[in-house]
Amino acid sequence: MEDKRAGKTFVTGAMLLGLAGIIVKVFGLFFRIPLTNIIGADGMGYYQTAYPVYVLVLTISTSGLPTAISRMVSERRSLEQYYEAYRVFKTSFKVMLGLGLGSGVLLFLFAPLITKLQMEPDAVYALRATVPAIILCPVLSCYRGFFQGQKNMAPTALSQVVEQAFRVATGLALAVILLPKGVNIAAAGASFGATAGALFGFLGIG
């Protein structure tokens with residue numbers, strides 16, 4: 001009976017995460033098309049210069065850690081060591097926050113050099129606009145790993161959808177608002193959408 005319940009929970013969780021993944025991809029598709037119309041080819045050049053660097057730094061700072069947190073929490077809960085499971089979360093929170101802060105500071109400092117090497121120095125604003133998201137996203141992934149360790153996938157799925165929805169809405173809105181200041185600043189507004197997404201992603205977790 002217990003195995004059946006566990007199997008049902010796993011299937012339900014997998015379906016939730018799969019559905020969330022599809023919705024996130026759809027939101028992403030509907031972000032780039034209007035963004036291109038708003039900021040044009042030059043603006044997209046700045047955005048496309050910054051975004052892969054953001055993704056790379058974020059991947060380095062979070063790679064494998066949510067899965068590790070989930071596994072450690074799950075192991076301790078299976079042994080009914082609930083306080084130890086919470087201690088894993090607290091320690092992971094500190095580590096992820098430190099990683100996020102360190103990565104964010106380094107990215108902010110080296111943004112001019114990175115964009116210069118990419119032959120797009122005006123993309124520095126777009127790259128620096130991702131720094132708050134670099135700090136927040138590792139912490140957000142820590143929460144997601146904690147809930148997944150409790151075999152509760154709903155907070156992660158909802159958080160991913162909310163994060164992407166606000167990333168798209170905020171990024172497009174800021175691109176429109178900031179366009180009169182120049183396409184490089186508008187591209188920075190679009191990049192800052194990632195920070196708004198991360199902030200609202202915490203609401204989905206809650």
Side-chain angles (χ1 to χ4, degrees), residues 1-29 51-108 130-168 193-206:
M1 189 68 177
E2 192 68 30
D3 289 341
K4 287 184 179 179
R5 189 180 296 114
K8 185 177 180 181
T9 300
F10 174 79
V11 172
T12 302
M15 289 177 63
L16 281 172
L17 290 178
L19 179 60
I22 293 171
I23 295 173
V24 165
K25 293 291 185 184
V26 171
F27 276 135
L29 176 65
Y51 192 73
V53 178
Y54 158 73
V55 171
L56 176 62
V57 174
L58 192 61
T59 300
I60 292 172
S61 62
T62 62
S63 181
L65 287 174
T67 302
I69 294 167
S70 174
R71 184 174 299 174
M72 288 188 291
V73 169
S74 180
E75 287 173 352
R76 283 154 181 78
R77 286 182 62 84
S78 67
L79 297 172
E80 299 185 353
Q81 297 174 352
Y82 301 112
Y83 179 71
E84 291 299 317
Y86 182 64
R87 282 188 62 190
V88 168
F89 168 74
K90 288 201 301 182
T91 302
S92 301
F93 180 92
K94 294 175 184 177
V95 171
M96 297 296 252
L97 180 59
L99 281 172
L101 285 169
S103 300
V105 169
L106 288 174
L107 184 61
F108 184 86
T130 67
V131 167
I134 290 290
I135 296 170
L136 291 171
C137 284
V139 177
L140 181 57
S141 68
C142 179
Y143 277 93
R144 288 171 176 169
F146 179 65
F147 280 106
Q148 288 173 218
Q150 299 177 63
K151 296 181 172 59
N152 184 2
M153 306 301 175
T156 295
L158 179 59
S159 175
Q160 288 176 344
V161 173
V162 171
E163 178 185 2
Q164 185 74 334
F166 277 93
R167 171 180 170 262
V168 170
T195 298
L199 283 170
F200 282 97
F202 281 103
L203 295 180
I205 283 289

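In this chain, numbering begins with 1 at the start of the sequence shown. The basis for the numbers below is simple: all heavy atoms, side chains too, and nothing from hydrogens, waters or symmetry mates. Because the structure is predicted, anything quoted here is derived from the model rather than measured.
Residues Ala85 and Arg77 come closest through the heavy atom pair CB-CG, 3.9 Å. The heavy-atom pair separating Cys137 from Ala198 by the smallest distance is SG-CB, 3.9 Å. A pairwise comparison of heavy atoms in Ser70 and Gln148 identifies OG-C, 3.5 Å as the closest pair. Taking every heavy atom of both residues into account, Gly100 and Pro138 meet most closely at CA-CG, 3.9 Å. The minimum heavy-atom distance between Tyr54 and Ile134, with the atom names listed, is CD1-CD1, 3.5 Å.
Under a 3.5 Å cut-off, the side chain of Ser74 and the backbone N or O of Arg71 do not form any donor-acceptor pair. Here the side chain of Glu163 pairs no donor or acceptor atom with the backbone of Gly201 at under 3.5 angstrom. Proximity of a side-chain donor or acceptor of Ser103 to a complementary backbone N or O of Leu99 within less than 3.5 Å is detected.
Note that OG of Ser141 is 6.0 Å distant from CD1 of Ile69, once rounded to the nearest 0.5 Å. For the atom pair Arg87 CZ and Glu84 CD, the distance stands at 5.0 Å (nearest 0.5 Å). Interatomic distance, Leu56 CG to Tyr51 OH, rounded to the nearest 0.5 Å: 12.5 Å. Between the CZ atom in Arg167 and the CG atom in Leu199 there is a gap of 14.5 Å [rounded to 0.5 Å]. Once rounded to the nearest 0.5 Å, the distance linking CD of Gln160 with CE of Met153 reads 11.0 Å. Separation of atoms OG1 (Thr67) and CE (Met72) is listed at 10.5 Å; rounding is to 0.5 Å.
Taking the side chain as every heavy atom from C-beta outward, Val161 and Phe27 approach each other to under 4.5 Å. Side-chain contact between Ser159 and Leu140: present, with at least one pair of heavy atoms (C-beta onward) separated by less than 4.5 Å. Looking only at side-chain heavy atoms (C-beta outward), Val139 and Phe202 come within less than 4.5 Å of each other.
For Tyr82, the OH atom sits in a packed shell: over 12 heavy atoms of surrounding residues, nucleotides or ligands are nearer than 6.0 Å.
Between Phe89 and Phe146, the ring planes are tilted. Angles from 30° to 60° get that label.
Within the structure, ring pair (Phe, Tyr, Trp, His ring centres under 6.0 Å) pairs that include any residue of residues 55-79 do not occur (at least two apart or interchain).
Applying the side-chain contact (heavy atoms from CB on, under 4.5 Å) criterion to Val131, with sequence neighbours excluded, gives Leu107, Phe108, Ile135.
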